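Each remark here refers to the structure printed beneath this line.
None of these values were measured; they are calculated from a predicted model. Throughout, protein chains are lettered first and strands after them, A, B, ... in sequence-line order, and every chain is numbered starting at 1.
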There are 2 protein chains.
Amino acid sequence: MSESAERGGLAHRVPDLGALELLLAVARLGSLGRAARELGITQPAASSRIRSMERQLGVALVDRSPRGSRLTDAGALVTDWARRIVEAAEVFDVGAQALRDRRDSRLRVAASMTIAEYLLPGWLIALRTARPDTAVSLLAGNSTVVAERLLADEADLGFVEGPTVPAGLDAAVIAHDHVIVVTAPSHPWARRRKPLDAAELAATPLILREKGSGTRQVLEAALGTLARPLIELSSTTAVKSSALSGAGPAVLSELALGEELSARRLIRIPVEGVRLRRALRAVWPTGHRPTGPARDLLGLTRAPLA
Amino acid sequence: MSESAERGGLAHRVPDLGALELLLAVARLGSLGRAARELGITQPAASSRIRSMERQLGVALVDRSPRGSRLTDAGALVTDWARRIVEAAEVFDVGAQALRDRRDSRLRVAASMTIAEYLLPGWLIALRTARPDTAVSLLAGNSTVVAERLLADEADLGFVEGPTVPAGLDAAVIAHDHVIVVTAPSHPWARRRKPLDAAELAATPLILREKGSGTRQVLEAALGTLARPLIELSSTTAVKSSALSGAGPAVLSELALGEELSARRLIRIPVEGVRLRRALRAVWPTGHRPTGPARDLLGLTRAPLA
DNA sequence: CGGGGACATAAGCTGGGGTTATGAGTGAGA
DNA sequence: TCTCACTCATAACCCCAGCTTATGTCCCCG
């Protein structure tokens, strides 16, 4: 993330979550008072909070009138940025909630790191709207750990990544984790018209995760040869940062890239003739077809076998 | 966003930004004390803050030892979710900062709503690492407004979307806003093997923005006929929510979809034989080639003409 | 065996955000 | 025109989260 000398800290320049939620509520409901009521606080509290947020940002956010409150132009812009933060917070929330309720919950899920990080919270948000009262617990670990938990009846549903299904488990492919090649927009590859081929990819020094990591394995299996590292880094985030800084082409899981792709801060380079993907599977003990909440969750994860 | 009865409010279950930043610093630096120093607070403050975050989440996040602190397994998971929030906050920050410094700044940008919302903050984050001391101001408005500002020398660089370039301006296409068709994973289209064609798209009732909106215009221009609305909604977010809830296929700008696509909560349905995209252009007064910071920013926005 | 890290604990201050109580516009209807 | 019902703003007060300083404990290393 290129931590520049940035004195002050984000927290002092960005309103806190409560204020952002309040702003969204005002936008939706068109009135400070109504928004306050929805969040369970009083109207003066809401009024003061919005005001102090406007002071902090140095911009008027809402037009007050005796008939209600509407967003300013600037307010509309700010509200959309705020919504992104709140959505990220929702992901955090359901993830953390699942993590917390270890023991005593109704649906116990065991998942690989990648899935637990990027996919599960989204599914759980969806599950919550369908079955609001289901408490979920989450354990993250590798395939072996997931299998152990399922077989010991300490988990109801598991998720694993990779080519093999652990023994004793039935599985269904629910999606694929695409490993993709990206560069900064300034890189020459970003202007290519023809897709890369395997030979070219194998011949080019790339920004990679360390040897043995999931994405690296997928890449080398697909190439049928060892990859040539330009830099080797031990975290997905570090790889992303290097790529963003223009150090060179990087290989990353598509799941780790959110906004960077759609905002064109990183460009996806098409690759042809190489199967750069890894199956993501739901798993359960052989015979024990998922039922109840596990079945609901499984239904939500059904994606096309693209 | 399907506001369920969700009592309590996110803010009470999710640590505040300061705490999340602290957690990231601890993860990066491997020590509470060092992290504290980096954020400009004392070691006991950091210690207590992390502890209260652990209490709040009900999970141990860091392993303390007299030699330093390392993340727990759960801590690593939580840290990655936290990073998403902090990144969204950074986007908010640079956007808001640009919005605030209206008058007295060195680089004045005028941009269409879509670009100001989704693209500009990312570019400004990148610009900040290259030119940390450049103050940027941002005005959001439609093409006409952008053109006015540029011609009145009240802006140094503009960004507009749509097929035409306002008179008196030079332009360069920097990217394309792809309008795409998405459905929930449960929708039959999510399992199609063949791309949609124009006739099929025109014949199917779709979840759309209101008539006259940008994405709707692109869609109807591409189809050469009016679209058939299943539901008409007045905000991008509302369209997204409806699609997520499985109400039907929706048409949205790719820029508005972040995590939903990569996490497969919404599935992109390929469409063939239809040009569902709109040029995004940088613009400046004819003759006045951008120089200085404006030139730097323009350089950052260069993306392939995909 | 004495530093010097690293983290924990304790006591005290401060301020942001909450509350209640009240005032003051505006518009709609009797 | 008066009054009610709605909006938002202001004032006075309270509380607690989070900060600070000052100290204690543990462990490793020279």
Looking at [Y] and [X], is any side-chain nitrogen of the basic one under 4.0 Å from a carboxylate oxygen of the acidic one?
X        : Y        : value
B/Asp63  : B/Arg70  : no
A/Arg108 : A/Glu154 : no
A/Arg216 : A/Glu232 : yes

Query - Closest contact, heavy atoms only, B/Leu99 versus B/Leu138 - result: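 Looking at all heavy atoms of both residues, the closest pair is CD1-O, 3.7 Å.
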Query raised in the report: Taking only N and O in the side chain of A/Ser31, is any of them less than 4.0 Å away from OP1 or OP2 of D/dT7?
Result: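 Yes, such a contact exists.
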Requested in this report: Identify, with sequence neighbours excluded, every residue that meets ring pair (Phe, Tyr, Trp, His ring centres under 6.0 Å) alongside B/Phe159.
Outcome: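 Expected list: B/Trp123.
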Report task. Identify the 5'-most and 3'-most nucleotides of DNA chain C with at least one atom closer than 4.0 Å to a non-hydrogen atom of chain B. Result ->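 Counting from the 5' end, contacts occupy C/dA6 to C/dT9.
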Query raised in the report: Does anything in residues 47-61 of chain B pair up under side-chain hydrogen bond (donor to acceptor under 3.5 Å, both in side chains), and if so which pairs, sequence neighbours excluded?
Result: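 side-chain hydrogen bond (donor to acceptor under 3.5 Å, both in side chains) check on residues 47-61 of chain B returns B/Asp16-B/Arg49, B/Glu54-B/Arg64.
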**Report entry** Rounded interatomic separation in angstrom, taking CG from A/Leu22 and C1' from D/dC8
**Finding:**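 Distance, rounded to whole Å: 13 Å.
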Query - Interatomic distance where CG belongs to A/Asp63 and P belongs to D/dT7 [whole Å] - result: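 One finds 17 Å between P of D/dT7 and CG of A/Asp63, rounded.
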Query raised in the report: Per the end-axis method with five pairs at each terminus, what is the bend angle of the helix from C/dC1-D/dG30 to C/dA30-D/dT1, to 10°?
Result: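 Terminal axis comparison yields 10°.
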Query - salt bridge (Lys or Arg N to Asp or Glu O under 4.0 Å) between B/Arg84 and A/Glu87, intermediate numbers included - result: CA-CA 10 Å; B/Arg84 296 298 185 103; A/Glu87 282 168 6; over 6 Å; no
Query raised in the report: Under the side chain to side chain donor-acceptor pair (under 3.5 Å) test, which residues partner A/Thr236, sequence neighbours left out?
Result: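 Partners of A/Thr236 by the side chain to side chain donor-acceptor pair (under 3.5 Å) criterion, ordered by chain and then number, come out as A/Arg209.
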Report task. Encode nucleotides 18-30 of chain D as B, S and - characters from 5' to 3', where the letter depends on protein heavy atoms closer than 4.0 Å: B to the base, S only to sugar-phosphate, - to neither. Result -> SSBBB----SS--
Query raised in the report: Looking just at side-chain N and O atoms, do A/Glu161 and A/Thr114 make a donor-acceptor pair shorter than 3.5 Å?
Result: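 A pair is found: one side chain offers a donor N or O, the other an acceptor, under 3.5 Å apart.
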Query raised in the report: Can you find a side-chain donor-acceptor pair between B/Arg128 and B/Thr134 that sits under 3.5 Å?
Result: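 Side-chain D/A pair, B/Arg128 to B/Thr134: absent.
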